[in-house]
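Read the structure below first, then the notes.
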Amino acid sequence: MNKSTNKQRVFSGMRPSGKLHIGHFEGALKMWASLQDTYECFYMVADWHALTTEYADTSRIKEDSFQMVVDWLACGLSPEKSVIFRQSDVIEHAELYLLLSMLTPVSWLERCPTYKEQISEIKDKDLSTHGFLGYPVLQTADIIIYKAQKVPVGQDQIPHLELSREICRRFNNFYGKIFPEPEPLLAEVSKLPGIDGRKMSKSYNNSIYLSDTEEGTLKKVKSMFTDPKKIKRDDIGHPDGCPVFLYQGIYNSDNTQQISLDCKSGKLGCTICKESLGKELNTVLEPIREKRTKLLQNENNIYEILENGSKKAKDIAQSTLTQVRQAIGLR
């Protein structure tokens with residue numbers, strides 16, 4: 001990894017909660033990969049965070065973590081350019097989380113949009129736990145333990161990062177300016193709906209996964225919801241409200257104007273439109289599939305990448321914790 005000290009640090013992570021889909025690729029991984037030459041990047045497998053909702057059944061966390069890192073590498077993340085590591089291998093995160101929890105008001109956590117949203121939406125799990133409420137405090141520790149200046153986020157994640165900034169600011173006000181306040185790096189991408197038009201999610205069984213085969217991808221694209229008013233090919237279409245057209249705008253952008261005109265005029269039917277989308281999407285996914293196949297031929301290499309990354313992360317985290325203990329007066 002480039003050890004240049006004049007680069008700003010970027011931090012981000014994902015919970016290992018199942019196979020990654022093209023929404024992860026468009027919404028995060030493409031941006032993560034593009035940042036590697038400009039920033040000093042830290043990308044974390046957030047396995048402790050997975051426990052906030054999956055504490056009752058942890059059977060998939062290890063395998064999901066492994067497969068997620070395979071997807072990361074297949075999408076262009078490089079252990080030579082970035083520190084790729086597992087959260088639970090760097091126990092210093094837990095100590096900083098504890099220390100930050102001492103000064104974080106409960107009211108700040110209860111007003112967190114993600115907390116209120118998931119408490120409302122997730123009915124099949126008991127989320128009335130200390131860990132779930134304190135999720136943003138652990139997230140703050142994850143970010144600031146590396147003194148990261150930038151965090152790649154979507155627009156909907158801005159309030160969450162602002163809470164991390166507030167916690168960071170409160171620590172600095174009490175104990176001196178140890179941490180920079182992390183700033184957002186906004187990802188300018190459209191949110192991809194699932195093949196049924198709803199939010200893409202494994203719980204809805206409506207995702208196109210990075211690990212899907214070419215045939216599987218085509219099958220899913222052919223089953224996508226389209227304009228309900230366009231029954232026959234020569235019916236007038238309404239592309240602006242069609243999920244397939246949204247995908248065309250990302251994967252077939254050079255032709256979207258013509259696609260829109262042909263759809264509206266009745267010249268283009270949904271079946272042909274989906275076939276062209278499937279072809280373009282597979283063109284994008286094929287290099288990822290090929291790289292996945294190669295990576296899986298040497299599974300030990302994946303674990304070595306995580307081990308080496310965790311050692312690099314731990315060295316920095318230990319140095320930060322030394323400063324924190326001294327600032328608080330514990331040493």
Side-chain angles (χ1 to χ4, degrees), residues 10 12-38 41 43-46 60 63-86 152 154 187-195 199-202 204-224 243-244 246-255 274-306 309:
V10 159
S12 196
M14 284 186 191
R15 297 196 316 162
S17 58
K19 295 187 289 187
L20 298 191
H21 51 62
I22 57 174
H24 295 114
F25 176 61
E26 295 295 339
L29 295 180
K30 281 172 67 174
M31 184 180 188
W32 287 12
S34 72
L35 296 173
Q36 294 179 112
D37 292 323
T38 310
C41 297
Y43 295 128
M44 182 186 78
V45 176
R60 290 288 312 171
E63 177 62 19
D64 284 345
S65 297
F66 174 85
Q67 293 293 337
M68 186 171 72
V69 173
V70 172
D71 281 333
W72 287 3
L73 297 170
C75 289
L77 268 62
S78 166
E80 284 74 41
K81 295 180 178 181
S82 299
V83 176
I84 300 170
F85 70 102
R86 187 165 42 202
E188 299 294 332
V189 295
S190 300
K191 277 197 171 182
L192 286 174
I195 59 177
K199 176 184 177 182
M200 192 175 291
S201 168
K202 68 172 183 176
Y204 294 152
N205 194 28
N206 66 353
S207 301
I208 298 173
Y209 295 107
L210 300 178
S211 54
D212 282 343
T213 63
E214 180 178 355
E215 295 76 16
T217 299
L218 285 172
K219 184 177 180 180
K220 287 182 176 181
V221 171
K222 288 178 181 179
S223 70
M224 286 181 71
V244 174
L246 183 94
Y247 276 66
Q248 292 279 29
I250 296 173
Y251 297 106
N252 199 6
S253 57
D254 291 343
N255 299 312
K274 290 178 182 180
E275 287 176 357
S276 73
L277 172 61
K279 181 180 178 181
E280 296 297 331
L281 184 52
N282 271 322
T283 299
V284 172
L285 293 178
E286 186 55 33
I288 296 174
R289 292 190 197 109
E290 289 180 359
K291 194 165 183 182
R292 275 192 115 263
T293 300
K294 289 182 180 178
L295 288 163
L296 289 171
Q297 291 172 357
N298 185 0
E299 295 188 3
N300 287 336
N301 186 49
I302 308 300
Y303 291 112
E304 287 176 11
I305 287 170
L306 284 171

Original post:
What heavy-atom pair brings Glu275 and Lys222 nearest, and what distance separates the two atoms?
Top reply: CG-CE, 4.4 Å

Subject >> From CG (Leu210) to CG (Leu20), nearest 0.5 Å >> reply: 6.0 Å

**OP:** Dump the intermediate steps for side-chain contact (heavy atoms from CB on, under 4.5 Å) on Arg292 and Gln67, then the final yes or no.
**Re:** CA-CA 9 Å; Arg292 275 192 115 263; Gln67 293 293 337; 2.8 Å; yes

**OP:** Kindly compute the distance separating CG (Leu73) from NZ (Lys291), expressed to the nearest 0.5 Å.
**Re:** 6.5 Å

Subject >> Pairwise side-chain contact, Asn255 with Gln248, heavy-atom cut-off 4.5 Å (strictly under) >> reply: no

Original post:
Between Gln36 and Ala33, is there a donor-acceptor pair closer than 3.5 Å when you use the side chain of the first and the backbone of the second?
Top reply: yes

Original post:
So do Ile195 and Met224 actually touch side chain to side chain, heavy atoms under 4.5 Å?
Top reply: yes

Original post:
For Gly309 and Val83, which heavy atoms make the closest approach, and how far apart are they?
Top reply: O-CG1, 3.3 Å

Subject >> Heavy-atom pair with the smallest gap, counting every atom of Ala28 and Met14 >> reply: CB-CE, 3.8 Å

Original post:
Do Val221 and Tyr247 have side-chain heavy atoms sitting under 4.5 Å apart?
Top reply: no

**OP:** Work out which heavy atom in Leu35 is nearest to a heavy atom in Pro152; give both atom names and the distance.
**Re:** CD1-CG, 3.8 Å

Original post:
If you measure from CD on Glu214 to CG on Leu281, what distance do you get to the nearest 0.5 Å?
Top reply: 10.5 Å

**OP:** State whether a side-chain donor-acceptor pair under 3.5 Å links Glu26 with Tyr251.
**Re:** yes

Original post:
If you round to the nearest 0.5 Å, how far is CD1 of Ile84 from CE of Met44?
Top reply: 13.5 Å

**OP:** Applying side-chain hydrogen bond (donor to acceptor under 3.5 Å, both in side chains), name anything that partners Glu286, two or more places apart in sequence or on another chain.
**Re:** Arg289

Original post:
Can you list the residues that meet the ring-ring contact (aromatic ring centres under 6.0 Å, His included) rule with Tyr43, with sequence neighbours excluded?
Top reply: Trp32

Original post:
How long is the span from the CG atom in Asn301 to the CG atom in Leu296, to the nearest 0.5 Å?
Top reply: 11.0 Å

Subject >> Verdict with reasoning, Asn252 to Lys279, per side-chain contact (heavy atoms from CB on, under 4.5 Å) >> reply: CA-CA 10 Å; Asn252 199 6; Lys279 181 180 178 181; over 6 Å; no

Original post:
Would you say Lys220 and Tyr209 make side-chain contact, with heavy atoms under 4.5 Å?
Top reply: yes

Original post:
Can you tell if the side chain of Leu246 reaches within under 4.5 Å of the side chain of Leu192, non-hydrogen atoms only?
Top reply: yes

Subject >> ring-ring contact (aromatic ring centres under 6.0 Å, His included) against Phe66, all qualifying residues, sequence neighbours excluded >> reply: Tyr303

Original post:
Closest approach of Ser65 and Val45, non-hydrogen atoms and distance?
Top reply: OG-CG1, 3.6 Å

Original post:
So with a 6.0 Å cut-off around CG of Asn205, is the heavy-atom count from everything else above 12?
Top reply: no

Subject >> Least distance between heavy atoms, Leu29 atom then Leu77 atom >> reply: O-CD1, 4.2 Å

Original post:
In Å, rounded to the nearest 0.5 Å, how long is the span from OG of Ser207 to CG of Asp212?
Top reply: 9.0 Å

